[in-house]
Student: 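Here it is, the structure in full.
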Amino acid sequence: MKGALSWPFLRLYILVLLYFSANAILNVIIPLQGDERGASNTTIGLVMGAYLFTTMFFRPWAGSMIARYGPIRILRVILVTNGIALILYAVTDFNAYVIARILQGVSTAFFSMALQIGIIDALPEKERSQGISLYSLFSYIPGIVGPLFALMLWETGDDRYFGAVMISIALLTGIVGYTARMTKDTTSAKPQVKDQVMEPRTRMLGSFHHLFTNPHLFKCSVLMLVASVVFGSFATFIPLYSDQITYGNAAVFLMIQAATVVVSRLVLRKKIPSDGKWHPMFIAGTLLLLTLAALFVSLSVTIGAVLFYISALFIGIAQAILYPTLTTYLTFVLPEAHRNMLVGLFIATADLGVSLGGVVMGPVADVSSYSLMYMICAGLGAALIVFASIKRLRTA
């Protein structure tokens with residue numbers, strides 16, 4: 001096989017699977033460990049949110065460093081950083097996890113950029129979309145089985161098993177990553193001068209005003225930011241909330257959600273609008289699924305587990321559709337000269353939203369309940385439906 005399905009690229013996809021398998025386990029283990037040690041929802045949200053908040057902050061710098069040194073060189077350094085983070089989980093307790101989360105956030109910012117830029121640079125144009133799609137697919141596959149495996153580790157009651165798994169993932173990821181190759185030799189990129197390397201970050205910082213002055217970017221960013229808050233609240237607190245639901249199981253919920261994202265991305269990929277037009281009914285329908293998912297989760301504590309698992313389907317479909325739809329739309333309507341930079345800002349709002357889903361919704365859960373917190377998320381979703389339906393939008 002050649003192109004995106006050749007062995008060098010299959011090895012990269014396996015690397016992606018290994019790298020994100022740790023996150024699939026940690027997303028379940030960290031909230032459970034925090035709750036067992038008496039940490040508040042606010043603290044748990046801060047620890048979980050530190051990961052993507054750090055990723056968001058380092059993405060611009062990651063792009064400039066990869067442009068200077070090439071993706072393979074950066075990848076090998078980042079694999080060491082990721083390994084240190086995973087080993088910290090094995091040898092420390094919950095109180096030190098925030099340091100490991102920050103290191104993971106830095107690693108993911110560089111890892112995702114290095115892999116995607118490397119795939120784009122190494123593949124011919126007709127193969128690029130397939131390569132990026134496979135990258136995305138393999139990043140979601142761990143979420144199908146990872147939560148169930150995490151729950152099995154938790155039920156053993158022995159942290160040594162969890163530590164051994166983290167160390168094993170760190171070693172396997174390092175071995176596969178250090179032997180990774182690409183069709184083109186992107187590691188031999190010539191060093192650029194300092195001003196050129198820092199230019200992408202400087203331009204990114206100087207482009208923030210576009211979030212408020214460009215109506216298309218403003219609208220998509222608000223939708224993605226608030227929707228990601230809801231996504232983040234699911235990722236952070238479902239492992240804790242499921243214990244309050246009769247027959248509720250966090251691992252099953254997260255497996256259904258991840259499997260739905262994967263299947264929806266494959267089945268519905270041709271349904272995503274790609275004509276540069278705003279489709280309010282399509283966006284509103286997607287946001288309606290998001291709203292119903294939050295509403296059903298909120299009500300499931302009194303009605304039962306059926307609603308709980310239906311919400312996993314709905315949130316998975318919404319997660320699979322919303323991000324690529326808004327991203328595709330922006331690639332058509334943003335000015336070509338600043339398109340990549342502004343799309344980067346949009347991606348940063350998604351990272352920030354998921355982080356805020358833990359940081360902001362944690363205190364809400366502390367002063368009220370998980371059920372009320374998810375009801376508030378449903379209200380946010382309903383507000384987004386109205387916002388997405390506004391035809392004209394003036395910005396400052």
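We count residues from 1, following the sequence as given.
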Student: Is it the case that atom CZ in F149 sees more than 12 heavy atoms from other parts of the structure closer than 6.0 Å?
Tutor: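 Not more than 12 within 6.0 Å, no.
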Student: Would you call the rings of Y370 and F237 parallel, tilted or perpendicular, where under 30° means parallel and over 60° means perpendicular?
Tutor: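 Rings of Y370 and F237: tilted, 30 to 60°.
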Student: Can you confirm whether the side chains of T108 and Y19 place a donor and an acceptor under 3.5 Å from each other?
Tutor: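 Yes, because at least one side-chain N or O of T108 sits under 3.5 Å from a partner of the opposite role on Y19.
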Student: For atom CD1 of I99, is the number of surrounding heavy atoms from other residues, nucleotides or ligands below 6.0 Å larger than 12?
Tutor: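 Open.
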Student: Applying the 4.5 Å side-chain criterion to the ILVMFWY set and letting contacts propagate, would Y140 and L12 be lumped into a single cluster?
Tutor: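 Same hydrophobic cluster.
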Student: For the residue pair L26 and P31, what are the closest heavy atoms and their distance?
Tutor: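 Result for this residue pair: O-CD, 3.8 Å.
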Student: Less than 4.0 Å between a side-chain N and a carboxylate O, is that true for D158 and R160?
Tutor: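 A salt bridge is present here (some side-chain N lies under 4.0 Å from a carboxylate O).
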Student: Could you tell me which non-hydrogen atom of L17 sits nearest to which non-hydrogen atom of P142, and how far apart they are?
Tutor: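 Answer, listing the atom of L17 first, then P142: O-CG, 3.3 Å.
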Student: For the residue pair N23 and Q104, confirm or rule out a side-chain donor-acceptor distance under 3.5 Å.
Tutor: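 Side-chain D/A pair, N23 to Q104: present.
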Student: Could you verify whether a donor N or O on one side chain and an acceptor N or O on the other, from D366 and T42, lie under 3.5 Å apart?
Tutor: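 Distance-only check passes for D366 and T42.
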Student: Check side-chain hydrogen bond (donor to acceptor under 3.5 Å, both in side chains) between Y329 and all other residues, then give those that pass, not counting sequence neighbours.
Tutor: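 With sequence neighbours excluded, Y329 shows a side-chain hydrogen bond (donor to acceptor under 3.5 Å, both in side chains) to H216, given in chain and number order.
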Student: In terms of hydrophobic clustering (I, L, V, M, F, W, Y; side-chain heavy atoms under 4.5 Å; direct or indirect links), are Y178 and I175 co-clustered?
Tutor: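 Unlinked, Y178 and I175 end up in two clusters.
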Student: Begin with the C-alpha distance, continue with both residues' side-chain angles, and end with the deciding distance and a verdict on side-chain contact (heavy atoms from CB on, under 4.5 Å) for L289 and I315.
Tutor: CA-CA 7 Å; L289 291 174; I315 197 70; over 6 Å; no
Student: Just by distance, no angles: are the side chains of T81 and S107 close enough, under 3.5 Å, to form a donor-acceptor pair?
Tutor: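 Their side chains do not contain a donor-acceptor pair, so the 3.5 Å distance test is not met.
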Student: Step through the shown structure and confirm whether more than 12 heavy atoms of other residues, nucleotides or ligands are within 6.0 Å of CZ on F138.
Tutor: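 Count over threshold, so yes.
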